[in-house]
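What's counted below: heavy atoms across the whole structure, side chains too, no hydrogens, waters or symmetry copies.
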Amino acid sequence: MYYIGIDLGGTNIAAGITDTEGNILYKGSLPTGASRGRDAIIGDIATLCRMLCRDAKIAFDEIGRIGIAVPGGVDAASGEILFTPNIPLSGINICEILSAKLAGKPVLLANDANAAALAEARVGAARGAKDAVMITLGTGVGGGIVTDGKIYTGFNGLAAELGHFVIQKDGVPCGCGRRGCFEAYASATALIRMTKEELDRCFVSGEGTLMAESRKLNARVAFDAYRAGDAAAKRVIETYIGYLASGIASLINIFQPEVFIIGGGVSNEKQFLLGLLLPRIDAEDFAKNAKKRTRVVIATCGNDAGIIGAAMNE
């Protein structure tokens with residue numbers, strides 16, 4: 001028995017065939033081409049599934065189920081995509097439509113961050129954990145909760161929007177419409193904003209900074225300059241880490257998961273990031289004196305997390 005996992009993004013449709021243990025045996029991708037409309041996109045998803053089987057020399061009859069992970073809000077129980085940014089699939093039951101195109105195979109739906117969390121819990125950094133919480137630090141802050149080995153979605157499918165609790169009342173505007181959300185202070189986008197603000201201050205004050213030498217402003221700039229001993233970069237990183245640690249500690253205090261996973265672009269800082277974070281998280285952890293403590297780790301599934309999680313979704 002094999003499964004197919006599909007990670008549908010605004011740029012690419014990535015898919016893979018996995019075994020029952022979540023090991024990817026073969027994978028491929030096609031451009032999403034979002035401007036073409038929903039029929040073309042769904043048609044390409046179906047085509048990609050059959051192409052994978054052909055190229056991997058696996059009979060389509062041997063595929064037990066197909067899982068699809070999409071950004072945005074989903075009703076996993078019904079198979080309906082409630083809303084998905086930049087992809088014209090909002091308001092459709094993609095599971096019914098895709099199943100009809102794929103010989104009636106069962107198709108299951110998940111939010112992409114939830115699928116990533118499931119992948120890490122099943123085969124990644126939290127493998128073997130009964131309960132895990134994951135955040136992804138990228139353009140925004142995504143989230144996923146796994147409890148008893150299954151994705152927690154809430155009664156309406158919209159649970160685990162972990163980037164959208166407020167950590168600074170009346171703070172920085174967030175894309176969701178609120179102000180002061182965790183996402184507005186802990187995402188890679190937020191780190192870039194803080195870096196730019198510090199560069200502006202340095203320009204006005206005349207203070208030199210290595211950050212000004214970077215040709216492209218991204219989430220690595222302040223970290224690289226900080227490692228080189230740059231004072232302005234140190235201010236940026238300490239501010240950012242303060243917000244990130246505060247938010248993570250709050251999530252740990254709420255859920256007390258066995259494992260807390262950090263993924264997304266910022267997590268590429270790996271052990272350096274953890275070295276800065278862990279002392280601050282420990283200081284704010286309600287369970288700091290307990291015998292059992294949440295383990296904070298860096299995600300290991302990388303870009304395959306959506307494929308694996310979609311395939312493992314039951």
Side-chain angles (χ1 to χ4, degrees), residues 1-32 41-71 74 76 84 87 94-95 98-99 101-103 105-129 132 134-138 142-146 149-151 259 261-265 267-268 270 297-314:
M1 182 72 70
Y2 304 99
Y3 307 134
I4 293 177
I6 301 156
D7 187 4
L8 176 61
T11 303
N12 289 305
I13 306 165
I17 298 176
T18 76
D19 60 19
T20 56
E21 300 300 314
N23 300 302
I24 295 179
L25 307 177
Y26 198 88
K27 63 182 178 179
S29 66
L30 290 172
T32 303
I41 294 170
I42 295 173
D44 277 357
I45 294 171
T47 297
L48 182 56
C49 290
R50 293 191 180 277
M51 284 172 54
L52 288 176
C53 289
R54 181 199 66 200
D55 294 345
K57 295 180 172 53
I58 292 173
F60 194 68
D61 287 346
E62 295 183 78
I63 301 298
R65 65 169 179 261
I66 296 156
I68 182 166
V70 303
V74 305
T84 184
I87 308 172
I94 194 167
C95 293
L98 197 54
S99 178
K101 290 180 177 292
L102 292 170
K105 294 285 185 186
V107 179
L108 301 179
L109 175 65
N111 164 270
D112 58 353
N114 288 341
L118 183 63
E120 294 292 343
R122 292 286 183 88
V123 304
R127 185 170 190 159
M134 180 176 180
I135 57 170
T136 55
L137 307 175
I145 301 166
V146 175
K150 295 186 180 296
I151 296 171
V259 183
I261 311 147
I262 304 171
S267 74
N268 290 330
K270 299 185 184 297
V297 299
I298 299 296
T300 59
C301 290
N303 292 333
D304 290 335
I307 293 173
I308 296 168
M312 293 291 97
N313 190 21
E314 300 178 71

Checklist entry - To the nearest 0.5 Å, how far apart are CG in N313 and CD1 in I151? => result 4.5 Å

Checklist entry - Does the side chain of I42 come within less than 4.5 Å of K101's, by heavy atoms? => result yes

Checklist entry - So, for V74 and N111, which heavy atoms are closest and what is the spacing to 0.1 Å? => result CG2-N, 3.6 Å

Checklist entry - Would a distance-only check, ignoring hydrogens and angles, find a side-chain to backbone donor-acceptor pair under 3.5 Å from K105 to F60? => result yes

Checklist entry - Would you say R122's side chain and G149's backbone share a donor-acceptor pair under 3.5 angstrom? => result yes

Item to check | Euclidean distance, L52 CG relative to Y26 OH, rounded to 0.5 Å | outcome: 7.5 Å

Checklist entry - How many angstroms lie between atom CG of L98 and atom CD1 of I4, to the nearest 0.5 angstrom? => result 9.5 Å

Next on the checklist: Main chain of C301, side chain of E120: is a donor-acceptor contact present, judged purely on distance under 3.5 Å?
Outcome noted: yes

Checklist entry - When you measure from the side chain of T84 to the backbone N and O of P71, does any donor-acceptor pair fall under 3.5 Å? => result yes

Checklist entry - Which residue pairs pass the salt bridge (charged side-chain N to carboxylate O under 4.0 Å, His left out) test with at least one member in residues 41-65, sequence neighbours excluded? => result R36-D44

Checklist entry - Closest approach of A125 and V297, non-hydrogen atoms and distance? => result CB-CG2, 3.6 Å

Item to check | Rounded distance [0.5 Å steps], CD1 in I94 versus CD1 in I6 | outcome: 7.5 Å

Checklist entry - Yes or no on side chain to side chain contact (heavy atoms under 4.5 Å, CB included) for I68 and V107, after CA distance, side-chain angles and deciding distance? => result CA-CA 7 Å; I68 182 166; V107 179; 4.3 Å; yes

Checklist outcome for this item: Between A46 and L102, the two heavy atoms sitting closest are O-CD2, 3.7 Å

Checklist entry - Quick one: does S99's side chain have a donor or acceptor within less than 3.5 Å of a partner on P106's backbone? => result no

Next on the checklist: Within this structure, what is the CD1-OH distance for the pair I63 and Y3, rounded to the nearest 0.5 Å?
Outcome noted: 10.0 Å

Checklist entry - Shortest non-hydrogen contact from G306 to A115? => result O-CB, 4.1 Å

Checklist outcome for this item: Minimal heavy-atom distance between I261 and A126, with the atoms involved, is CD1-CB, 3.7 Å

Item to check | Inter-residue atom distance S29.OG - L48.CG, 0.5 Å rounding | outcome: 7.5 Å

Item to check | Pairs flagged by side-chain hydrogen bond (donor to acceptor under 3.5 Å, both in side chains) wherever residues 4-23 is involved - sequence neighbours left out | outcome: D19-N23

Next on the checklist: side chain to side chain contact (heavy atoms under 4.5 Å, CB included), that's the test. Do S267 and L137 meet it? Break it down for me.
Outcome noted: CA-CA 7 Å; S267 74; L137 307 175; 5.9 Å; no

Checklist outcome for this item: Closest heavy-atom pair, L108 versus C95, reported as atoms and distance to 0.1 Å, is C-SG, 3.9 Å

